[in-house]
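Just below is one structure, and these are the notes that go with it.
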Amino acid sequence: MKFAKRTNTCGELRISDAGKTVTLNGWVSQVRDLGGVIFINLRDRYGITQITVNSEFQDIYNSAKSLGLEFVISATGKVQQRTSANPNMPTGEIEVLADAIEILNTSEVTPFVVEEDIKASEELRFKYRYLDLRRKKIADNLVLRSNVYNIVHKNFEREKFIEVETPILMKSTPEGARDYLVPSRVHKGKFYALPQSPQTYKQILMVSGLDRYVQICKCFRDEDLRADRQPEFTQIDLEMSFVEEQDVFRVVEGVICDIWKEIKGVELKQPFRTMSYDEAMAAYGSDKPDLRIKGELKIVNITDTVRNTDFKVFADAISASGIVAGIKLSGQDVTRKIIDGLTDYVKTLKFGGLGYIKYNSDGTVSSPMLKFLSEEIQAGIKNDFSAEAGDVLFILSGEKKKVLSGLGNVRLKLAEQFSLTDETRDEFLWVNDFPLFGFDEESGTIVAEHHAFTMPHDADLAKLAEGCEDPGANAELLTSIRAICYDMVCNGSEFGSGSIRIHRGDIQSQVFNVLKLTKQEQEEKFGFLLGAFKYGAPPHGGFALGFDRIIATLCGTKDIRETIAFPKTTSAVGLMDNSPSPVDERQLKDLGITING
RNA sequence: GGAGCCGUAGUUCAGUUUGGUUAGAACGCCUGACUGUCACUCAGGAGGUCGCGAGUUCGAGUCUCGUCGGUUCCGCCA
């Protein structure tokens, strides 16, 4: 089909172009018909330009009258200065006076109006994502994403990394997240899994001597979703040989600094701050603390101060070897309603209630707990927090980890409630020294916190050697072992995580012993990796950055769906293509699969 | 797996607290008028399985139970 091809995009013409004859192609985003003159806002992903049609040109005028929103047209005419400029649009000083309009395609009335200030629900936007993507805001997110791809590729090329593709169809490993499974037709009853990450492959590439591997890759996890979690997501995955933690940090910081410099024009200070897991949990109740919060709102542990109280709530927590701790909020008007809201919130976190002590400006103290606490303890608490008039303390008691993370969540709620987050900057940090093992209450067993190939700290190797023979009896000793394992955190969001891996067989065996993996299970699950490790595995370690979260942060949103062209809902449904969907009986038969229920 | 919120016109919402007349508004859509708008304006019009299914009731958008979908949080996500 012949048509008048564009000479310019809808975002680029300026007053300096006045007098030129141009052709624009795009979508009709608005029509204002004043009777003798019609104004058309023509849109493409670059911007919007006003096309003016005068009734003196009868043919064009009549065809302009028939235009509907989202029609695709080609408009040709002379660029001229507008009689009254529109300062709100970049092309607002000019218009194109049409002397030809060609309708390239019509459009049905759209299910929602395509406009920057979108009114449609996410559900509708995802169903008609192609219309949603016509909005500059979303299209720009994809453009930004594309730019970051390029920065990442360039950075790693400069750092002498090799991009290697790893299989999408791989062996299922039941550890960690649930796998998405792919049935094999050739081998009925057997399944591939989609990678949760290319973890094993990249470690094997190190055994191969590739030395520095990187890949921007899709990963898949069949777990329940959140605003910042999709069933398939993108990672910047890397692995390096002959490195220690600090070497990985410098490389990852390098690419982050490149991205921030080129996208935001911000020079981040290197090296990034480092905080241990224990420190982060104790002070912020989170392994991904948001350091932008004004006044910090650090957690204070007051267990020792209230140890001898007979206030039942505290006494019960302490006798069950739990803790009592709180955070202090200064200089805010904390109303009854706000306290009630926070109380309801901590109840959703399975706390009985939220204790508070409010030091009023008139010197009085409001708190439902005071009558249960001796004057000495009251004074002790006030001292622990350095509390003054105008301060409010929020206090939780119970099991240590639960209290700390509960207060961590209260801290975030307070920051939100009182707008305490400094949105003008991004705060990066490394959180390291995670525990190597955790205790799984459900199964009553010891499990790997990161994964089974994470190297313990040198200083804790003795603990591992001592505890691995009888893990059940040494749970406390084993869970105190620290791993060379680290997360990068930005603004309270986990950007990525990694570790130095175990490359020595003796340490690996000890870890498998703790995890109660028999020789046979080791062979079945990781035989290929352990096999490779027999032939000279170099010391190595790596990292994986959550690409979607990085883009979301750069776009100023928490919702990674805004940065993905075709996202899925929180129940992992693709609303546009209706995936997942039933398949033909024939397909199932080929695979030897029958559906129950 | 558990909890909260939402579901009413093509769209975004009001109406649900306290059951009762013909379920409203804005935007969009259709018709007409209008030569400088840019959220054009003005006049008129069409448009509803109140997510779905039971139940209570003389009567249900409104109350109860179930169910489906979206979303947020807890669990989960090495």
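Throughout, protein chains are lettered first and strands after them, A, B, ... in sequence-line order, and every chain is numbered starting at 1.
One donor-acceptor pair, N or O on each side, does fall under 3.5 Å between the base of C38(B) and the side chain of R82(A). Applying the 3.5 Å distance criterion, the base of G75(B) shares a donor-acceptor pair with the side chain of R226(A). Not a single donor-acceptor contact under 3.5 angstrom links the side-chain atoms of E123(A) to the base of G69(B). Checked by distance alone, D344(A) brings no side-chain donor or acceptor within 3.5 Å of a matching partner on the base of G4(B). The base of U37(B) lies close enough to the side chain of Q50(A) for a donor and an acceptor atom to sit less than 3.5 Å apart. One can find a donor-acceptor pair under 3.5 Å joining the base of C38(B) and the side-chain atoms of S84(A). Between the side chain of R229(A) and the base of C76(B), at least one donor-acceptor pair of N or O atoms lies under 3.5 Å.
The residue S121(A) sits close only to the backbone: its heavy atoms come under 4.0 Å of sugar-phosphate atoms, none of a base. At a threshold of 4.0 angstrom between heavy atoms, the contacts of N54(A) include nucleobase atoms, whether or not backbone atoms are also involved. Among the heavy atoms of the strands lying under 4.0 Å from A85(A) is at least one base atom, whether or not backbone atoms are also near. Across all strands shown, L349(A) has heavy atoms under 4.0 Å from sugar-phosphate atoms exclusively, and none from any base. Contacts of I38(A) with the nucleic acid, taken as non-hydrogen atoms under 4.0 Å apart, are absent.
Between G36(B), C76(B), G70(B), one nucleotide has an atom nearer to the side chain of T83(A) than all others, and that is G36(B). Of the listed nucleotides (C38(B), U72(B), C76(B)), U72(B) has the atom at the smallest distance from the side chain of T570(A). When distances run from any side-chain atom of E122(A) to the nucleotides U71(B), G75(B), C38(B), the shortest one goes to U71(B). The listed nucleotides are G36(B), U12(B), U72(B); the one nearest the side chain of R561(A) is U72(B). Ranking G70(B), G36(B), U72(B) by closeness to the T569(A) side chain, first place goes to G70(B). Here the nucleotide nearest the side chain of F126(A), chosen from G75(B), U71(B), U35(B), is U71(B). For S55(A), taking side-chain heavy atoms from C-beta onward, the closest of the listed nucleotides U35(B), G70(B), C76(B) is U35(B). Of the listed nucleotides (U37(B), U72(B), C73(B)), U72(B) has the atom at the smallest distance from the side chain of A227(A). The nucleotide whose nearest atom lies closest to any side-chain atom of A120(A) is, among U11(B), G75(B), U35(B), U11(B).
A donor-acceptor pair under 3.5 Å is formed between the side chain of Q522(A) and the backbone N or O of L517(A).
Pairing of C5(B), defined by two Watson-Crick or G-U wobble distances under 3.5 Å, is identified with G70(B). Using Watson-Crick or G-U wobble geometry with both donor-acceptor distances under 3.5 Å, C65(B) finds its partner in G53(B). C29(B): Watson-Crick or G-U partner is G45(B), with both key distances under 3.5 Å. In a base pair of the Watson-Crick type (N1 to N3 plus N6-O4 or O6-N4) or a G-U wobble (N1-O2 and O6-N3), with each distance short of 3.5 Å, A23(B) is matched with no nucleotide.
Both tests do not hold together for K202(A) against Y213(A): distance to the six-membered ring centre under 6.0 Å, angle to the ring axis within 45°. Annotation: cation-pi geometry not satisfied between K171(A) and Y192(A) (NZ/CZ under 6.0 angstrom from ring centroid, within 45° of ring axis).
Taking atom P in both G15(B) and A33(B), the straight-line distance is 40 Å, to the nearest Å. With both ends at atom C1', the span from U41(B) to G36(B) equals 13 Å, rounded to whole Å. Straight-line distance between the P atoms of G59(B) and G48(B): roughly 26 Å, to the nearest whole Å. Only the P atoms considered, G19(B) is 16 Å distant from U57(B), to the nearest whole Å. Separating the C1' atom of C50(B) from that of U16(B) is a span of 11 Å, rounded to the nearest Å.
Electrostatic pairing of K288(A) and E494(A) does not count as a salt bridge here, judged by no charged N lying under 4.0 Å from a carboxylate O. Residues R501(A) and E239(A) are paired through a salt bridge, judged by an N-O separation under 4.0 Å between the basic side chain and the carboxylate. Salt bridge E70(A)/R134(A): present, at least one basic N to carboxylate O contact under 4.0 Å.
When each of R125(A), K127(A), K137(A) is tested with D132(A) by the rule salt bridge (Lys or Arg N to Asp or Glu O under 4.0 Å), just one qualifies, namely R125(A). With W430(A) as the partner, the ring-ring contact (aromatic ring centres under 6.0 Å, His included) test is satisfied by one option alone out of F543(A), Y277(A), F495(A): F543(A). Here the options are D228(A), D559(A), D487(A), the test is salt bridge (Lys or Arg N to Asp or Glu O under 4.0 Å), and the partner is R549(A); only D228(A) passes.
Listed by residue number, the members of residues 197-205 of chain A with any heavy atom below 4.0 angstrom from RNA chain B are S197(A), Q199(A).
In this structure, CG of N578(A) is placed 10 Å from P of G70(B), rounded to the nearest angstrom. One interatomic measurement links the two molecules: CG of L124(A) to P of G7(B), which rounds to 16 Å at whole-angstrom precision. Look at CD on Q80(A): it is 14 Å from P on U37(B), rounded to the nearest Å. C76(B) atom C1' lies 13 Å from atom CD of Q196(A), rounded to whole Å. Regarding K127(A), its NZ atom lies at a distance of 13 Å from the P atom of G10(B), rounded to whole Å.
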Review item, nucleotides 26-30 of chain B N/O atoms under 3.5 Å of protein N/O:
none

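In this structure, the aromatic ring of F112(A) is not positioned over the six-membered ring of the base of U11(B) within 5.5 Å between centres and 30° between planes.
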Residue pair W27(A), F71(A): steps toward the ring-ring contact (aromatic ring centres under 6.0 Å, His included) verdict: CA-CA 6 Å; W27(A) 286 263; F71(A) 278 31; over 10 Å; no
ring-ring contact (aromatic ring centres under 6.0 Å, His included) between F220(A) and F233(A), worked out: CA-CA 7 Å; F220(A) 307 84; F233(A) 58 98; 8.0 Å; no
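Side-chain atoms of Q196(A) and D179(A) include a donor-acceptor pair closer than 3.5 Å.
Comparing F39(A) and H451(A), the nucleotide of RNA chain B nearest to each residue sits closer to the 5' end for F39(A).
Between F249(A) and Y486(A), the distance separating the two ring centers is shorter than 6.0 angstrom.
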